[in-house]
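First comes the structure, then the notes that go with it.
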Amino acid sequence: MEKFDQLKMFNTLLHGGDYNPDQWLDHPEVLKEDIELMKKAHINCVSLAIFAWAKLEPEENVYDFKWLKDIIDNLYANGIYTLLATPSGAMPAWLATKYPECLEVTEQGLRRYYGERHNFCHSSPVYQEKVKAIDEKLSQCFGKHPGVIAWHISNEFGGDDQDSQCHCELCQIAFRKWLKDKYQTLDNLNHAWWNNFWSHTITDWDQIHSPSMQGEHELHGLKLDWKRFTSYQKLQFAKMEIQAVKKYSDLPVTTNMMTFFKPLDYYQWGKEFDFVSWDSYPEWHLEEDELSVASRNACFHQLIRSIKKAPFLLMESTPSMVNWKPINTLKRPNMHELSSLQAIACGSNSVQYFQWRKGRGSSEKFHGAVVDHRNHDNTRVFNDVKKLGERLVNTSDQIIGTINKPEVCMIYDWDNRWALEDVQGLERGNINYDLLFNHYYRPLWDMGIDTDIVDMTYDLDDYKVVIAPFNYMYKPGYADKVRKFVKNGGIYITNCFSGEVDENDLCFMDHHPLSDVLGINTEEIDTVDVRYWPNEIEFDDHSFNVKNIRALIHTTTAKVLASYKQDFYQGYPALTVNEYGQGKAYFIASHNDLDFLSYLYQKILKQANITNHFDAKLTLGVTINTRKDQEKELFFVQNFNRNKAEIYLNSSYENIETKQILQHQVTLEPFECMILKKTK
């Protein structure tokens, strides 16, 4: 096979989803109908065998792949390709019964019963052996099948529970080994964890145990390293699976990630896969409007794209509703197309669903699917999927080969999140890094500014503006990287409670690591209930509301742009800018409402000559994403309003689907997405 081309991603937009024929093997009429309906809906790809282990290996060392080969052959004969999954996400009952040591142990030391999924210990040699065996056999049987285009490794690594991790003795041994490799000596570990506090000095590696409410659960260094270890240990399991499927195959590999999933550092995970993919399930129609939901979803689309700076796959979405949220709403008319095209706009080369056909029983029988229990292709949902499929077919040749190329990036870092959300200070237990981060992303989305979202290890040279909200932890070399970026002409924006600790969660002494770049000294940070302690800042003769966090700082070389207006904070700087080398660094001392961030970003982006390149005046709720290649720019104009929206074009554009030339005022229907290019 030729070297995998991340930019072209299979040379066509993929449209399909999770297909579970193993649930219907005793209903050949259903399998026949599936093919007919897939072709009607313009389905060209399915994810297959994700939870099929019990059918593939019904008893130990007895394999039955014939049914799977028949399905793959039939799909391929009808122009439908397969992303073939490894089945490790849910073990069969016979395995758990014979090898109970494969099951997870809770932090209380109790071994879980068999059931659910993601219910295994990643450190278990037995489970690793069994997974490796079936993966290699799948590779040998299907690794060169012309209908199989990629490997889908397991499913949603980390499971349904944000805090799920095995605490068995095998994991304790692996954790201690990981710590030995990292710290080399106990003196180094004791210093990094600040173990002189409370006389917690470790004198033997065997004294270390994973964090537990039954034991140590407030030692920040231990908790931070346990989170790092669990992400690492699961990644080693994934790497074992990658190696297994590549034994007889050179097909590309991926796994389906999840939105801002706390336990796994996706930047580290992305290095091991040929391309990345994720499962997107935004909560449409549950808030006053769709704008905050849309911006959060776009934020993670852009994070996923940024992992490899290349197109990704939308591996799962729902064409209608899910079944596992407190309130499960249908997608309103046009929302399926809009939310799917939002993924394409942000860099996806696919729209795929969970699931193709609803099951008859168990917990997901009412989860949305392309094909319902009844009415088959005569449903609103099926016709929505069919209509979208037609749009993907008609635009694929123009979209494939394009990618978003932002001039702005934001810093999102899993280590930073793990440390920040564990802080015993500010609002203990209530710091939500994702919500804070999305707050600082939202104005960029409103303005239609494509944004890369990277962690502290990435290079910054490709950007004009870098925004690092609540960048509490500074990893080694990060401050020097920012210093070089600003010195060479970049604009850096950060805020309160940034640059507080090093990679071990130990506080910096003497001064802020970027005090010379920012031109300030930081002092105190206050958190208040805004109902009782309101405040405002004055900026360019405008007043803006302050939220719950207020920092007190002093300037050294920075210029004060805004100050607090009330209470004992009055007169303290709330916003500063410092010239450093050829660039500038902004420090936002207070956590503020969106209108302040929007006003500030607009001024800074204008200084940096950054626009969305779309020559039009947008209205609230209408946003832009831009995909380009060497010859063209495609503008995805998206209306997330529940009502029609008007935009005014200052240049002439062509709708790439209808070929209509658009000028001056254009009306977008509720939840409509147009794909435009500028006329010559």
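Quick note: numbers below take in every heavy atom, side chains included, and nothing from hydrogens, waters or symmetry partners. Start at 1 with the first residue, then count along the sequence.
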By side chain to side chain contact (heavy atoms under 4.5 Å, CB included), which residues pair with [X], not counting sequence neighbours?
X: Asn548; value: Glu427, Val530, His591
X: Asp595; value: Phe544, Asp593
X: Ser340; value: His336, Val351, Leu388
X: Ala343; value: His301, Leu314, Ser348

[X] side chain to [Y] main-chain N or O, any donor-acceptor pair under 3.5 Å?
X: Ser396; Y: Leu13; result: yes
X: Lys358; Y: Val370; result: no
X: Arg627; Y: Glu633; result: no
X: Asn578; Y: Lys584; result: no
X: Asn639; Y: Glu669; result: yes
X: Ser350; Y: Leu14; result: no

Please examine the side chains of [Y] and [X], heavy atoms only from C-beta on, and report whether any two atoms are closer than 4.5 Å.
X: Ile661; Y: Ser652; result: yes
X: Leu605; Y: Met447; result: yes
X: Gln355; Y: His367; result: yes
X: Glu287; Y: Ser292; result: yes
X: Met335; Y: Glu290; result: yes
X: Asp455; Y: Ile411; result: no
X: Pro282; Y: Phe300; result: no
X: Asn650; Y: Tyr648; result: yes

For [X], look at atom [atom1] and say whether over 12 heavy atoms of other residues, nucleotides or ligands are found less than 6.0 Å away.
X: Lys308; atom1: NZ; value: yes
X: Tyr81; atom1: OH; value: no
X: Glu579; atom1: CD; value: no
X: Lys617; atom1: NZ; value: no

Would you please classify the geometry between the Trp269 ring and the Phe157 ring as parallel, tilted or perpendicular, with 30° and 60° separating the classes? tilted

Minimum heavy-atom separation for Asn612 and Gly448, please, with both atom names.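 Shortest heavy-atom separation between Asn612 and Gly448 comes out as CB-O, 2.9 Å.
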
Quiz question: by atom type and distance under 3.5 Å, do the side chains of [X] and [Y] form a donor-acceptor pair?
X: Thr254; Y: Ser277; answer: yes
X: Tyr412; Y: Asp434; answer: yes
X: Asn495; Y: Tyr440; answer: yes
X: Ser543; Y: Glu538; answer: yes
X: Ser339; Y: Lys331; answer: yes
X: Asn323; Y: Asn328; answer: no

Ring-ring centroid check [X] [Y], cutoff 6.0 Å:
X: Tyr601; Y: Tyr586; result: no
X: Phe354; Y: Trp356; result: no
X: Phe273; Y: His152; result: no
X: Trp278; Y: Tyr266; result: no
X: His542; Y: Tyr599; result: yes
X: Trp445; Y: Phe640; result: yes

Using the rule given for side-chain contact (heavy atoms from CB on, under 4.5 Å), can you reason through Leu662 versus Glu654, listing the C-alpha separation, both sets of side-chain angles and the distance that settles it, and then say yes or no? CA-CA 6 Å; Leu662 302 177; Glu654 177 188 327; over 6 Å; no

Checking side chain to side chain contact (heavy atoms under 4.5 Å, CB included) between Phe275 and each of Leu313, Asn349, Ile307, Asp5, which is the one that passes?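 The residue from Leu313, Asn349, Ile307, Asp5 that satisfies side chain to side chain contact (heavy atoms under 4.5 Å, CB included) with Phe275 turns out to be Leu313.
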
Side chain to side chain donor-acceptor pair (under 3.5 Å) between Gln302 and Tyr441, intermediate numbers included: CA-CA 11 Å; Gln302 302 216 53; Tyr441 169 81; 2.9 Å; yes

Contacts satisfying salt bridge (charged side-chain N to carboxylate O under 4.0 Å, His left out) that involve residues 596-606 (not counting sequence neighbours) are Asp540-Lys603

Can you list the residues that meet the salt bridge (charged side-chain N to carboxylate O under 4.0 Å, His left out) rule with [X], with sequence neighbours excluded?
X: Glu657; result: Arg391
X: Asp274; result: Lys246
X: Lys386; result: none
X: Arg357; result: Glu33, Asp34

Show the numbers, then the answer: is there a side chain to side chain donor-acceptor pair (under 3.5 Å) between Asp452 and Tyr463? CA-CA 9 Å; Asp452 274 351; Tyr463 308 106; 2.7 Å; yes

Step by step, work out the side-chain contact (heavy atoms from CB on, under 4.5 Å) result for Trp284 and Val293. CA-CA 7 Å; Trp284 299 118; Val293 178; 3.7 Å; yes

Where at least one partner belongs to residues 602-627, residue pairs that pass ring pair (Phe, Tyr, Trp, His ring centres under 6.0 Å), sequence neighbours excluded: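 Sorted result for residues 602-627: Phe614-Phe635, Phe614-Tyr653.
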
Not counting sequence neighbours, which residues clear side chain to side chain donor-acceptor pair (under 3.5 Å) with Lys678? List them please.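 Residues passing side chain to side chain donor-acceptor pair (under 3.5 Å) with Lys678: none at all.
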
Any chance you could lay out the side-chain contact (heavy atoms from CB on, under 4.5 Å) test for Ile493 and Val465, step after step, and finish with the verdict? CA-CA 8 Å; Ile493 306 170; Val465 174; 4.1 Å; yes

If a pair satisfies side-chain hydrogen bond (donor to acceptor under 3.5 Å, both in side chains) and one of its residues is in residues 464-473, list it, with sequence neighbours excluded.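 For residues 464-473: Glu407-Lys464, Asn471-Tyr478, Tyr472-Asp505.
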
Can we say Lys644 and Glu672 salt-bridge, meaning some charged N sits less than 4.0 Å from an Asp/Glu carboxylate O? no

Assess the residue pair Arg442 and Leu291 against the criterion (side-chain contact (heavy atoms from CB on, under 4.5 Å)); give the C-alpha distance rounded to whole Å, side-chain angles, the decisive distance to 0.1 Å, and a yes or no. CA-CA 9 Å; Arg442 169 68 187 272; Leu291 306 192; 3.4 Å; yes

